[in-house]
A.B. asks: 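Input: one structure, supplied below.
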Amino acid sequence: MLPTATTTTQPQPPVPVTRLLGRRIAATSTPAKLSLLRAALIVLAVVFAVGGAFGVNRRANAINDVRTASRQLLALQDIRVRIVHADAIASSSYLVGGQEDPTQRTAYLDEIATAGDGLVAVSGAATDADLEQLSGASRLLGGYVGLVEQARANNRQGFPVGATYQRQANGVVSNDDPDSPDIVSALRAVEASQRDQINASLATAHRAGAWLHGFGWLLMIALVLGSWWMSRAFRRVVNVPIAIATVVLLLLLVIGGTRQAGSVSDTDGAVGTQLAGADNAAQARAAAFEARSQEALTLINRGNGAANETNWQIGTDIVLQAFERGLGSDVSLSDGAADAYSRYSEFHVEIRALDDRGDWDAAVDVSLGKQPASASVNAVSVFDEFDQLAGEISTSEGSAASARLTDAIEPLTSLRNIVFLAGLAVAVLAALGCGQRLKEYR
């Protein structure tokens with residue numbers, strides 16, 4: 001008997017899940033599809049309300065963090081300027097010998113007291129790492145004051161050891177030894193931390209805009225597709241509630257997105273222009289006072305101040321670099337400060353020439369501004385002019401940056417509430433629009 005032929009059945013490939021879902025939806029009744037559409041639109045609208053409002057709020061908080069860190073940065077720079085200013089006063093006063101000028105003494109004490117209070121104030125908002133640096137700076141400031149007092153006491157009695165104390169005091173303020181802590185290095189580290197915080201918060205503010213647009217345009221697509229399906233299924237051109245919801249959402253995305261973009265643009269402008277100008281002006285002031293201290297120490301060391309002269313040049317280079325980066329939007333003030341420091345540098349060249357020729361007393365007189373009465377300017381007056389202009393720039397640009405950041409935050413607060421309420425309104429309108437068609441089946 002011949003064997004019977006057998007047939008084999010080829011296994012069928014599995015049907016994709018999306019196709020199965022599509023078949024199931026296609027087989028669903030129109031009222032069920034309407035109910036599903038209504039539920040989807042309501043969920044998407046609520047998600048948009050919550051997510052969009054969260055994104056706007058996140059952007060507002062990020063800009064506020066920029067403002068807070070900016071204020072902290074400027075406060076730290078003010079402390080650093082005051083400390084190096086006090087050191088410049090102390091170094092110059094040592095050159096006078098005997099009993100120093102009472103006005104200068106008062107200015108020194110005021111700067112030290114204000115700097116100490118400032119360290120306490122900025123410590124309240126500092127991170128643990130920054131707080132450690134600030135605490136170290138505060139301890140060093142106390143040691144610095146003690147060294148200056150010892151230098152003063154010995155100088156009044158004519159003891160040369162006073163110069164050693166004055167050099168040690170200056171080393172506590174600033175030095176190049178990484179193993180020897182100093183006040184300026186500690187403050188610069190905290191300033192760098194604040195700049196990092198500003199940049200990180202700026203990046204967060206830029207990213208936060210995706211929340212509004214991501215959820216908003218997803219909801220917009222759902223509304224358009226839902227409206228299109230209903231127009232085909234029910235042969236109605238327009239569903240009024242859905243159309244209103246679509247228009248409301250479109251206006252919100254356009255106007256709200258523009259407002260969001262404007263806030264970020266204002267923030268970028270405040271940081272890149274006003275805050276950068278204030279930052280550069282403060283750095284220029286601090287470096288200039290350090291240079292002024294080094295000038296006095298060069299004379300105090302009487303022929304052994306080559307290292308101090310090198311430090312003077314380093315400080316001056318920092319000042320010139322700050323001018324190149326720009327000191328803010330007021331060109332007249334910036335040019336005036338640059339011109340004043342240039343004239344002071346010319347006096348410094350004269351001081352070095354006199355000292356190198358062995359005329360130490362004349363060099364000291366020029367450094368202290370003891371020019372003939374007929375002279376209209378001197379080293380002290382032109383340096384004070386630079387300090388006044390740079391200080392004015394730092395204050396005005398810093399205030400302008402803070403005000404601009406505040407203006408960037410304010411619209412976002414109301415926009416956040418509008419986005420949340422608009423999202424809920426779209427959910428209600430979507431429910432009404434789908435509900436109108438469902439009634440036709442009842």
Side-chain angles (χ1 to χ4, degrees), residues 58-84 115 118-119 121-138 174 178 181-208 263-290 314-315 317-329 334 390-391 393-406 408-409:
R58 184 174 176 81
R59 176 164 282 185
N61 288 339
I63 296 175
N64 185 59
D65 290 341
V66 171
R67 181 178 61 178
T68 300
S70 299
R71 290 173 175 173
Q72 187 84 339
L73 172 62
L74 295 176
L76 287 162
Q77 289 178 323
D78 181 69
I79 294 169
R80 178 156 65 99
V81 167
R82 290 183 182 279
I83 291 174
V84 294
L119 284 171
V122 297
S123 296
T127 62
D128 291 341
D130 290 346
L131 184 59
E132 183 178 352
Q133 294 281 4
L134 293 172
S135 297
S138 183
S174 178
D182 62 276
I183 299 173
V184 168
S185 295
L187 292 177
R188 280 177 176 164
V190 184
E191 289 172 20
S193 174
Q194 295 306 308
R195 292 189 185 96
D196 290 342
Q197 177 62 47
I198 290 170
N199 292 332
S201 297
L202 268 178
T204 299
H206 279 274
R207 291 193 301 268
S263 291
V264 169
S265 178
D266 288 344
T267 302
D268 288 337
V271 172
T273 304
Q274 284 86 9
L275 181 61
D279 187 0
N280 291 332
Q283 291 187 57
R285 287 185 75 203
F289 280 126
E290 289 187 61
I314 291 173
D317 289 343
I318 294 174
V319 175
L320 297 180
Q321 290 167 10
F323 287 142
E324 291 178 0
R325 292 193 300 269
L327 302 191
S329 55
S334 180
I393 292 170
S394 183
T395 300
S396 61
E397 294 295 307
S399 298
S402 182
R404 193 170 179 182
L405 290 170
T406 299
I409 295 170

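FYI, the numbering just counts along the sequence from 1. Computed from heavy atoms alone, side chains included, the values below leave out hydrogens, waters and symmetry copies.
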A.B. asks: Test V66 against every option in T204, V271, N61 by the side-chain contact (heavy atoms from CB on, under 4.5 Å) rule and name the one that passes.
C.D. replies: V271
A.B. asks: Would N64 and R67 count as having a side-chain donor-acceptor pair, cut-off 3.5 Å?
C.D. replies: yes
A.B. asks: Is a side-chain donor or acceptor of R58 paired with a backbone partner of A205 at a separation under 3.5 angstrom?
C.D. replies: no
A.B. asks: If you round to the nearest 0.5 Å, how far is CG of D266 from OG1 of T406?
C.D. replies: 11.5 Å
A.B. asks: Kindly give the heavy-atom pair with the smallest separation between Q72 and A126, and that separation in Å.
C.D. replies: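 Scanning both residues completely, I find the closest heavy atoms to be NE2-N, 4.3 Å.
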A.B. asks: Please list, chain by chain and in numerical order, all residues satisfying salt bridge (Lys or Arg N to Asp or Glu O under 4.0 Å) with R285, sequence neighbours excluded.
C.D. replies: D387
A.B. asks: Quick check: does any side chain N or O of N280 sit under 3.5 Å from a backbone N or O of G326, one acting as donor and the other as acceptor?
C.D. replies: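 Confirmed, N280 side chain pairs with G326 backbone.
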A.B. asks: Would you indicate whether the side-chain heavy atoms of L275 and L74 approach each other to under 4.5 Å?
C.D. replies: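 The answer is yes; the side chains approach within 4.5 Å.
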A.B. asks: Taking all non-hydrogen atoms of both residues, which atom of I393 and which atom of G277 are closest, and how far apart?
C.D. replies: CG2-O, 4.4 Å
A.B. asks: Please report the shortest heavy-atom distance between A408 and T267, naming the atom on each side.
C.D. replies: CB-OG1, 3.8 Å
A.B. asks: Return the CZ to OG distance between R71 and S399, rounded to the nearest 0.5 Å.
C.D. replies: 9.5 Å
A.B. asks: Would you mind reporting whether D130 and Q194 have side-chain heavy atoms less than 4.5 Å apart?
C.D. replies: yes
A.B. asks: Distance only, no hydrogens: is a donor on one side chain within 3.5 Å (strictly under) of an acceptor on the other, for E397 and S329?
C.D. replies: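 A pair is found: one side chain offers a donor N or O, the other an acceptor, under 3.5 Å apart.
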A.B. asks: Residues in salt bridge (Lys or Arg N to Asp or Glu O under 4.0 Å) with D182, at least two apart?
C.D. replies: none
A.B. asks: Nearest 0.5 Å, what's the CG-CG distance between D196 and L73?
C.D. replies: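 Going from CG on D196 over to CG on L73, the span is 11.0 Å.
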A.B. asks: Using 0.5 Å steps for rounding, measure from the OG atom of S70 to the CD1 atom of I63.
C.D. replies: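 Answer rounded to 0.5 Å: 11.5 Å.
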A.B. asks: Test of understanding: with side-chain contact (heavy atoms from CB on, under 4.5 Å), list the residues that count as partners of A75, not counting sequence neighbours.
C.D. replies: V122
A.B. asks: Can you list everything that forms a salt bridge (Lys or Arg N to Asp or Glu O under 4.0 Å) with D78? Sequence neighbours excluded, please.
C.D. replies: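 If we apply the salt bridge (Lys or Arg N to Asp or Glu O under 4.0 Å) test to D78, skipping adjacent residues, the hits are R82.
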A.B. asks: Indicate the atoms forming the closest heavy-atom contact of I79 with A115, along with that distance.
C.D. replies: CG2-O, 4.0 Å
A.B. asks: Quick one: CG on L119 to CZ on R80, what's the gap to the nearest 0.5 Å?
C.D. replies: 12.5 Å
A.B. asks: Indicate yes or no: at least one non-hydrogen side-chain atom of D128 is less than 4.5 angstrom from one of E132.
C.D. replies: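 A side-chain contact is absent here, since even the closest heavy-atom pair is not under 4.5 Å.
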A.B. asks: With a 3.5 Å cut-off and no angle check, do the side chains of S201 and Q197 form a donor-acceptor pair?
C.D. replies: yes
A.B. asks: Any salt bridge (charged side-chain N to carboxylate O under 4.0 Å, His left out) pairs touching residues 268-281, not counting sequence neighbours?
C.D. replies: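 Qualifying pairs, neighbours excluded: R195-D279.
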A.B. asks: Taking side chain to side chain donor-acceptor pair (under 3.5 Å) as the definition, give me every residue that meets it alongside D317, ordered by chain and number, with sequence neighbours left out.
C.D. replies: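 So D317 forms a side chain to side chain donor-acceptor pair (under 3.5 Å) with Q313.
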A.B. asks: What are the two closest non-hydrogen atoms of A281 and A390, and how far apart are they?
C.D. replies: CB-O, 3.7 Å
A.B. asks: For a quick test of reading the model, state the closest non-hydrogen atom pair linking G398 to A278 and the distance between them.
C.D. replies: N-CB, 3.6 Å
A.B. asks: Side chains of V184 and I83: does their closest heavy-atom pair fall under 4.5 Å?
C.D. replies: no
